[in-house]
Each structure stands twice: as C-alpha cells, then as structure tokens.
**Student:** 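Quick one: this structure, given as structure tokens, is what I'll be asking you about.
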Amino acid sequence: MRVLSSPANILQIASALPLPRVLVPTMGALHGGHVALIRKARLLAGENGSVLVSIFVNPIQFGPREDLGKYPRPRQEDLAICKNEGVDLVFAPATLYATDHSVFIEEKVLSAGLCGASRPSHFSGVCTVVGKLFNLLQPQIAVFGEKDFQQLTIIRRMVRDLHFPVKIVSLPTVREADGLAMSSRNRFLSEEERAAAPVIRRSLLAARKEAAHGDISLRRILTRVRHSVEKAGGRIDYLEVVDVNTMQPESKKIERSLIAIAVFFGATRLIDNIVLNVHPRK
Ligand code: AMP
C-alpha cells in the first residue's frame, strides 16, 4: 500500500495505477461504514484494478463555529484499516489549498435545504474538494454512503453538470447493532448520549411504518418523530420530508420521499435519513 501526503506528483502516480481506479473519499477516523465503502470499491475494481482512499479533513466544509479543530485524526489506525482492506493507494494530504485559493464549485439548488441551510458553504466545500480529488486521482468510479444522502445527490448532480467522467456508486448506511448510524462523530457522545441516540433510527423506522399504513399525514408523522427524539434528550436541528431526487420539501407525497434529520445530542450533531418507498393506502 502506498501512502502519499503531498499533492505534488499525485496526478502522475495515480494515473499510472491499473484501471479501473475506484476512489473512496473520506475524512478519516475510519469505521465500519467506511470499510463497507472500501470493500465495495474492491469489488468494483476487481483484483486487477486499484482502490484509492483519500483521507482529508477538508477545512472549507466546516463552518467557523464547527468541530474542525477537534475532528478526530487517528492516522495510524486509519492506515492500518486501509492496509488490512487491501487498499492500493492512500492519499492523505496535509492541505489541498493554496493560501490564496479563490475558486469553488457551488451547487445552487439541491444544497438549499437540510444540511445546506444549517451549514452555509458546507456543500460548496464538499463539491470543491471532491472535484479536486477527482482531478488529482483520476478515478473511473467513486463510492459514497447514503448516510449523507443530500451530499450524494449533490455529487451526482455535480458529476452530471460538470461532465466529470466518474461513475458514482452509493451504499446503504452501515449501523451499529442498536441502529445508530456509524459516524466518526459518535465517539464524542457521552455514555448517556450514546445510549439515547438510537432513538433516531427507531423513530424513523416507526415513521416509515406509519407512512406505509397510509391514513396519517406526513405532518403528524414528523411530529411523532420530533416528540420521540426530544423526549430522549435530542435537540433537533432539522427534520423534514423531501423528494428523494430533488431534495425539495414535500408535504403530501410519500412514495420516493425521504425523511432527513439532524439532531444534537449534547454538542454532537448526528444525521440520518430514511426513504419512504411505499404507496399510501387509498
Ligand atoms: P466522512 O469520512 O464522514 O466524510 O465520510 C466519507 C464517506 O463515508 C461518505 O461517502 C459518507 O457518506 C460515508 N459514510 C459515513 N458514514 C457511513 C455509514 N455509517 N454507512 C455508510 N457510509 C458512510
């Protein structure tokens, strides 16, 4: 496994790797969700192709009052995981930005709500760094998780609109045994918060069940989710139903809608979502 920490010769090195090159972009602090993406990348690359993992805590996707400084960076553990998974190249640059960098990629529609509303400039940071990684590492395929559903939708749009020659593959959210979505931020939860956090998944599963039943409004379903989460000590940042493709708010349609939620437990912000892929009963 090759580990590179400078963008200097990366383009030449990466483009010499055997095809197909499959990229898994991450911010490190790797967990079971990342491992699932890396394993999918290997399946897609085959034995002869190349699996590339980038590890970069991208400063421009963090807001001024967010957790950039305390974001976990367990570099040795991350490298051990990559090695164990048979990754061919880890790209872990210290920085990717010139001190006077001034060009950004901005998606203007899908980014408006949900995490984009709570975290202005977050998705511009994400698109910019993913665009840079695509240029530097020249992957044919890139793998992303559905936990960050809005991000995935935006990346697909970016690839379409800017003609990046990269196929985007997504993977369902990997969860702890109690349903909590795996996240690098889970380690910040206190014991009490960790015990309470699975309410997010439980309440979304209950919501999907209620939606399948059909004789209940989306508004009422969301109210129940809100109550459950708040009762468990969560502070809701947003809780919305959106169209699964357009990310636009949805008040009636259930089929192909997505409930997206962001919740603070203490200072830790967790996100999750569930697709309501069912027909309401007439
Ligand atoms: P991050 O390191 O948090 O920026 O995430 C890197 C990639 O891993 C993104 O495509 C995420 O959507 C994906 N990811 C993070 N957590 C999970 C999870 N629990 N299950 C599946 N994919 C995940």
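All of these numbers come straight from a predicted model, not from anything done at the bench. Order of listing sets the numbers, starting from 1, for every ligand and every atom in it.
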**Student:** Consider every N or O of G145 and every N or O of ligand 1, then say whether any pair is closer than 3.5 Å.
**Tutor:** yes

**Student:** Tell me which protein heavy atom sits closest to atom 20 (N) of ligand 1, plus the residue, atom name and distance to 0.1 Å.
**Tutor:** V174 N, 2.8 Å

**Student:** Mark up the atoms of ligand 1 that fall under 4.0 Å of a heavy atom belonging to T173, in ascending order.
**Tutor:** 19 (N), 20 (N), 21 (C)

**Student:** Give the ring-plane orientation class for F134 versus F144, where under 30° counts as parallel, over 60° as perpendicular and anything between as tilted.
**Tutor:** perpendicular

**Student:** Side-chain polar contacts of residues 152-170 - donor-acceptor pairs under 3.5 angstrom, sequence neighbours left out - could you list them?
**Tutor:**
| unit_1 | atom_1 | unit_2 | atom_2 | d |
| --- | --- | --- | --- | --- |
| T153 | OG1 | F149 | O | 2.8 |
| R156 | NH1 | I168 | O | 3.0 |
| S170 | OG | E146 | OE2 | 2.7 |

**Student:** Between E255 and K253, does any NZ, NE, NH1 or NH2 come within less than 4.0 Å of an OD or OE carboxylate oxygen?
**Tutor:** no

**Student:** What do we get for L171 next to ligand 1 when only non-hydrogen atoms under 4.0 Å count, side chain, backbone, both or neither?
**Tutor:** neither

**Student:** Determine yes or no for a side-chain-to-main-chain donor-acceptor pair under 3.5 angstrom, with Q150 supplying the side chain and C115 the backbone.
**Tutor:** yes

**Student:** With a cut-off of 4.0 Å, which atoms of ligand 1 are near a heavy atom of M182?
**Tutor:** 16 (N), 17 (C), 18 (C), 19 (N)

**Student:** Please report which non-hydrogen protein atom sits nearest to atom 12 (O) of ligand 1, along with the residue it belongs to and the distance in Å to one decimal place.
**Tutor:** D148 OD2, 2.6 Å

**Student:** Please check this pair: side chain of R65 against backbone of G63, looking for a donor-acceptor N/O pair closer than 3.5 Å.
**Tutor:** no

**Student:** So, Y97 and N58: side-chain donor and acceptor under 3.5 Å apart, yes or no?
**Tutor:** yes

**Student:** Can you pull out the closest protein heavy atom to atom 13 (C) of ligand 1? Residue, atom name and distance to 0.1 Å, please.
**Tutor:** L37 CD1, 3.6 Å

**Student:** Where is the nearest protein heavy atom to atom 6 (C) of ligand 1: which residue, which atom, and how far?
**Tutor:** P25 O, 3.3 Å

**Student:** Among all protein heavy atoms, pick out the one at the shortest distance from atom 1 (P) of ligand 1; state its residue, atom name and that distance to 0.1 Å.
**Tutor:** H34 NE2, 3.7 Å

**Student:** Once you restrict to heavy atoms under 4.0 Å, what part of K147 touches ligand 1? Side chain, backbone, both or neither.
**Tutor:** side chain

**Student:** Below 4.0 angstrom from a heavy atom of F144, which ligand 1 atoms are there? Numbered from 1 as shown, please.
**Tutor:** 10 (O)

**Student:** Between V143 and ligand 1, does any nitrogen or oxygen pair lie at a separation below 3.5 Å?
**Tutor:** no

**Student:** Number the atoms of ligand 1 from 1 as they appear, then name those within less than 4.0 Å of a heavy atom of T26, with their elements.
**Tutor:** 2 (O), 6 (C)

**Student:** Note the single closest protein heavy atom to atom 17 (C) of ligand 1, along with its residue, its atom name and the distance in Å.
**Tutor:** H31 CE1, 3.7 Å

**Student:** Does P172 have a heavy atom less than 4.0 Å from any atom of ligand 1?
**Tutor:** yes

**Student:** Only pairs at least two apart or in different chains count here, so list each side-chain hydrogen bond (donor to acceptor under 3.5 Å, both in side chains) that has a residue in residues 9-20.
**Tutor:** none

**Student:** Would a distance-only check, ignoring hydrogens and angles, find a side-chain to backbone donor-acceptor pair under 3.5 Å from K132 to L96?
**Tutor:** yes

**Student:** Who's the nearest protein heavy-atom neighbour of atom 4 (O) of ligand 1, and how far?
**Tutor:** M27 CG, 3.5 Å

**Student:** I want to check something: taking the side chain as every heavy atom from C-beta on, are V90 and D78 in contact at a cut-off of under 4.5 Å?
**Tutor:** no

**Student:** Check the pair E85 / L37 against side-chain contact (heavy atoms from CB on, under 4.5 Å), numbers first and verdict last.
**Tutor:** CA-CA 11 Å; E85 295 299 326; L37 302 191; over 6 Å; no

